[in-house]
Amino acid sequence: AIKTLIILLFSWYAVFSRGVQKQIASVSYESIIDLVLLGALISGGLISYHATIKNGGVTRATATERIGSVLILLSGIVVFKQEDNLILSLIGIMLIAAGAIIMITGKGRTQKSKWLLPGLISAVIVVISVVFVKKELIGKLNSYIALALALTVALLISLIAVFIRGITSGIGRVPASEIMFAILSGICFCLSVSLGEKALSFNHD
């Protein structure tokens, strides 16, 4: 919930700093349904990712992220027919996949396998979210508004999950280091999105 809040604030800042907030009034009911579904996907992905960290550690969580990257790249080729530099893309996909396998099966691996299912769910959710945005929202709605509204839904779902689990009474006992980690994690995500946007604009130019 803390990480989602940081990303949400960044998203709304992007909306208002670009002066596109007036477009919110024109959002259709159909787009609202799409955004609620996208917000649910984002929230589910975050919950699955943190379950992977809890049960398998950071290394395996990172490895499942790499698997998600492989699936996204494959969807770009198969679903969206992005076949520029196809050979290099396939080589990159194989190298990323090989790195993920090494991280999962390397020395010091845990005997527990509770991390595997949420990790795979997290990777698949990321891919579905990307395909969903590409096919359903881009072109219908400003991408910054879409992200901000979807993250608003994701934050609400995260807060509901916190209350359902009955852990609100323990919020005050969370170590400051863990809160700082959640904040820095959200900031790093926002920076990666900003840099990714810059890279895409340079490529477009």
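All values below come from the heavy atoms of this structure, side chains included, with hydrogens, waters and symmetry mates left out. Here the structure is a predicted model, which is why all the values come from computation and not from measurement.
- Rounded to the nearest 0.5 Å, atoms CD1 (Ile160) and CG (Leu155) are 10.0 Å apart.
- One finds the CG atom of Leu37 at 12.0 Å from the CD1 atom of Ile32 (value rounded to the nearest 0.5 Å).
- When all heavy atoms of Ile6 and Ile187 are compared, the closest pair comes out as CG2-N, 3.8 Å.
- For the residue pair Leu8 and Ala148, the shortest heavy atom distance occurs at CD1-O, 3.4 Å.
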inquiry  = Between Ile128 and Leu41, is the side chain to side chain contact (heavy atoms under 4.5 Å, CB included) condition met? List the steps.
reply    = CA-CA 8 Å; Ile128 294 173; Leu41 284 172; 3.8 Å; yes

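- Ser43 contributes no side-chain N or O that, together with a main-chain N or O of Gly39, makes up a donor-acceptor pair within less than 3.5 Å.
- Using a 4.5 Å heavy-atom cutoff, the side chains of Leu35 and Ile145 are not in contact.
- A chain of hydrophobic side-chain contacts below 4.5 Å, direct or via other Ile, Leu, Val, Met, Phe, Trp or Tyr residues, connects Ile42 to Trp12.
- The two atoms that bring Leu151 and Ile7 nearest to each other are CD1-CG2, 3.4 Å, heavy atoms only.
- There is a path of hydrophobic side-chain contacts, each under 4.5 Å, that joins Leu191 to Ile183.
- Judged purely by atom type and a 3.5 angstrom limit, Thr52 has no side-chain atom pairing as donor or acceptor with the backbone of Ala61.
- One N or O on the side chain of Ser158 and one on the backbone of Ala154 form a donor-acceptor pair closer than 3.5 Å.
- A donor-acceptor pair under 3.5 Å is formed between the side chain of Ser89 and the backbone N or O of Asn85.
- Rounding to the nearest 0.5 Å gives a distance of 13.0 Å between CD1 of Ile102 and OG1 of Thr59.
- The minimum heavy-atom distance linking Ile67 with Ala100 is given by the pair CG1-CB, 4.0 Å.
- With values rounded to the nearest 0.5 angstrom, Leu90 atom CG is found 11.0 Å from Leu95 atom CG.
- At distances below 3.5 Å, not a single donor-acceptor pair connects side-chain atoms of Ser48 with backbone N or O atoms of Gly45.
- To the nearest 0.5 angstrom, Ser185 atom OG is 13.0 Å from Met180 atom CE.
- A side-chain donor-acceptor contact under 3.5 Å links Ser75 to the backbone of Ile72.
- Going from atom CE of Met103 over to atom CZ of Arg66 covers 6.0 Å, rounded to the nearest 0.5 Å.
- Leu159 and Leu149 fall within the same hydrophobic cluster, where Ile, Leu, Val, Met, Phe, Trp and Tyr residues are linked whenever their side-chain heavy atoms come under 4.5 Å apart, directly or through other members.
- Taking each heavy atom of Ala40 and Ile157 in turn, the nearest pair found is CA-CD1, 3.5 Å.
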